[in-house]
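Before any comments, here is the structure.
Only this structure's heavy atoms are used, side chains among them; waters, hydrogens and symmetry mates stay out.
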Amino acid sequence: MATGFDPSGRLPDIFLNTGTSSFTQFLSAAAPELLPGRRPLPPGLSAGDAAPHGTTIIAIATAEGVVMAGDRRATMGNLIASRDIKKVHPADSYSLIGIAGTAGIGIELIRLFQVELEHYEKTEGAMLSLDGKANRLAAMVRGNLGAAMQGLAVVPLFAGFDLSPLDSARAGRIFSFDVAGGLYEETGYEAIGSGSLFAKAALKKKYRPGVSTDEAVRLAVEALYDAADDDTATGGPDLTRKIYPVVMTATANGTTRLSEAEITTVAEQVVSGRMENPGG
């Protein structure tokens, strides 16, 4: 329960006064204990191996916008905690967010960010700019620094279609973050998580500016395959269980998740190609 409630049932003044357009700032004043980074942990606890971790996320800028893809595996130490976690989600109508790190906090961060953007839009009557969204997300990551220092780190990858780009050729933009909330705009592509080194190495060889959305989807699945080939924490396409990466796009038409049939076709093509040429 939020602090300061009147036993009579009357809402506290903070709920009745004109407040900030930031839901996170409102929550920090009304009920700070509900924020992910404000929850106390037992003294001296390093929770890094005690909670499931998720990897790997990839974002690629295309001629039409951006593509974001994530594998489905979550690990807990040397164990597979989940084979079908979803780590890529729409942030709003024109942007996407994926998370790597502590899965529970990451999913909660995504939900809080979605509410943050919706709250701003309802309060101000307008959508935040893409840069504004990225800055809000950076502040939320920074708010989790205390928990991150105790092993519960989460780092997002943010990408979207810019409705008012300074350069029309770069309407699809990608932003990465560090654990302290540092914000960095990336060019072309980016990956986060334990398999990101291998995924970026794969993209470095094949990515070309101005790729189509369909080409970027294929590149993303191939990069995840390469990451899974060298990183045990990354899950590749699972043909036996029919578990495939989550792939989403953000374009002028909004955000869309590829259907199971679409991603199945791409994943099977990638796996079939690797049967003939394991090196890609």
Side-chain angles (χ1 to χ4, degrees), residues 2 14-15 17-39 54 57 59 61 65-66 68 70 86-149 152-166 170-187 190 192-193 248-251 254-255:
I14 191 171
F15 288 88
N17 297 332
T18 302
T20 172
S21 60
S22 170
F23 180 77
T24 306
Q25 290 183 12
F26 165 77
L27 196 60
S28 67
E33 70 280 2
L34 297 181
L35 290 170
R38 299 288 187 89
R39 292 176 188 155
I57 310 296
V66 291
M68 185 176 288
K86 297 178 179 65
K87 295 171 279 188
V88 175
H89 298 264
D92 66 0
S93 300
Y94 294 96
S95 61
L96 305 168
I97 179 173
I99 57 98
T102 306
I105 291 181
I107 292 170
E108 191 172 14
L109 180 74
I110 288 174
R111 291 172 179 165
L112 184 59
F113 185 52
Q114 290 169 332
V115 174
E116 174 83 6
L117 299 184
E118 185 176 353
H119 178 79
Y120 179 92
E121 190 170 345
K122 288 181 176 179
T123 302
E124 299 295 329
M127 186 180 292
L128 264 173
S129 68
L130 199 62
D131 288 292
K133 296 171 191 177
N135 284 323
R136 290 286 177 100
L137 184 54
M140 293 172 63
V141 175
R142 197 174 303 119
N144 190 56
L145 184 58
M149 293 298 100
L152 298 177
V154 59
V155 177
L157 186 60
F158 178 66
F161 181 83
D162 194 340
L163 295 172
S164 303
L166 296 177
R170 294 188 60 198
R173 300 171 65 193
I174 302 169
F175 300 88
S176 65
F177 305 79
D178 62 33
V179 73
L183 171 62
Y184 315 95
E185 183 167 2
E186 308 294 343
T187 300
E190 178 60 11
I192 60 172
M248 297 194 68
T249 65
T251 66
T255 59

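The line from CE of Met68 to CD1 of Ile57 is 7.5 Å long, rounded to the nearest 0.5 Å. The OG1 atom of Thr187 sits 8.5 Å away from the CD1 atom of Ile174 when rounded to the nearest 0.5 Å. Rounding to the nearest 0.5 Å places CZ of Arg136 at 13.0 Å from CG of Asp131. Note that CG of Leu137 and CZ of Phe175 are 10.5 Å apart. Values are rounded to the nearest 0.5 Å. Taking CG from Asp92 and CD1 from Ile97, the interatomic distance works out to 10.5 Å, rounded to the nearest 0.5 Å. Ile192 CD1 to Asp178 CG: the interatomic distance, rounded to the nearest 0.5 Å, is 12.0 Å.
No donor-acceptor distance shorter than 3.5 angstrom exists from the side chain of Asn144 to the backbone of Gly181, with no hydrogens or angles considered. Not a single donor-acceptor pair under 3.5 Å links the side chain of Glu190 to the backbone N or O of Ser176. Using a distance-only test at 3.5 Å, with no hydrogens or angles considered, a donor-acceptor pair links the side chain of Thr102 to the main chain of Ala153.
Looking only at side-chain heavy atoms (C-beta outward), Leu112 and Met140 come within less than 4.5 Å of each other. Under the 4.5 Å side-chain criterion, counting only non-hydrogen atoms from C-beta, Arg111 is not in contact with His89.
Note: Phe113 and Phe158 meet the aromatic proximity criterion, with ring centroids under 6.0 Å apart.
When every heavy atom of Ala171 is checked against every heavy atom of Pro165, the shortest pair comes out as CA-CB, 4.1 Å. Closest approach of Gly160 and Ala250 over heavy atoms only: CA-CB, 4.3 Å. Closest of all the heavy-atom pairs between Ala148 and Val179 is CB-CG2, 3.5 Å. Summarising the geometry of Leu96 relative to Pro90, their closest heavy-atom pair is CD2-CA, 4.1 Å, with the distance given to 0.1 Å. Scanning all heavy atoms of the two residues, the minimum distance from Ala61 to Gly172 falls at CB-O, 3.9 Å. Closest heavy-atom contact between Leu117 and Ala91: CD1-O, 3.8 Å.
The aromatic rings of Phe161 and Tyr94 sit tilted relative to each other, their planes meeting at an angle between 30° and 60°.
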* Please assess Asn135 against Leu183 for the test side chain to side chain contact (heavy atoms under 4.5 Å, CB included), listing each intermediate value before the final yes or no. => CA-CA 7 Å; Asn135 284 323; Leu183 171 62; 3.1 Å; yes
* To do: Using the side chain to side chain contact (heavy atoms under 4.5 Å, CB included) rule, take Thr255 and Ser93 through it: C-alpha gap first, then chi angles, then the decisive distance, then the call.
  => CA-CA 6 Å; Thr255 59; Ser93 300; 5.8 Å; no
* Asked: Given Met127 and Lys133, is the side chain to side chain contact (heavy atoms under 4.5 Å, CB included) satisfied, shown in steps?
  -> CA-CA 9 Å; Met127 186 180 292; Lys133 296 171 191 177; 3.5 Å; yes
* To do: Using the salt bridge (charged side-chain N to carboxylate O under 4.0 Å, His left out) rule, take Arg170 and Glu185 through it: C-alpha gap first, then chi angles, then the decisive distance, then the call.
  => CA-CA 12 Å; Arg170 294 188 60 198; Glu185 183 167 2; 3.4 Å; yes
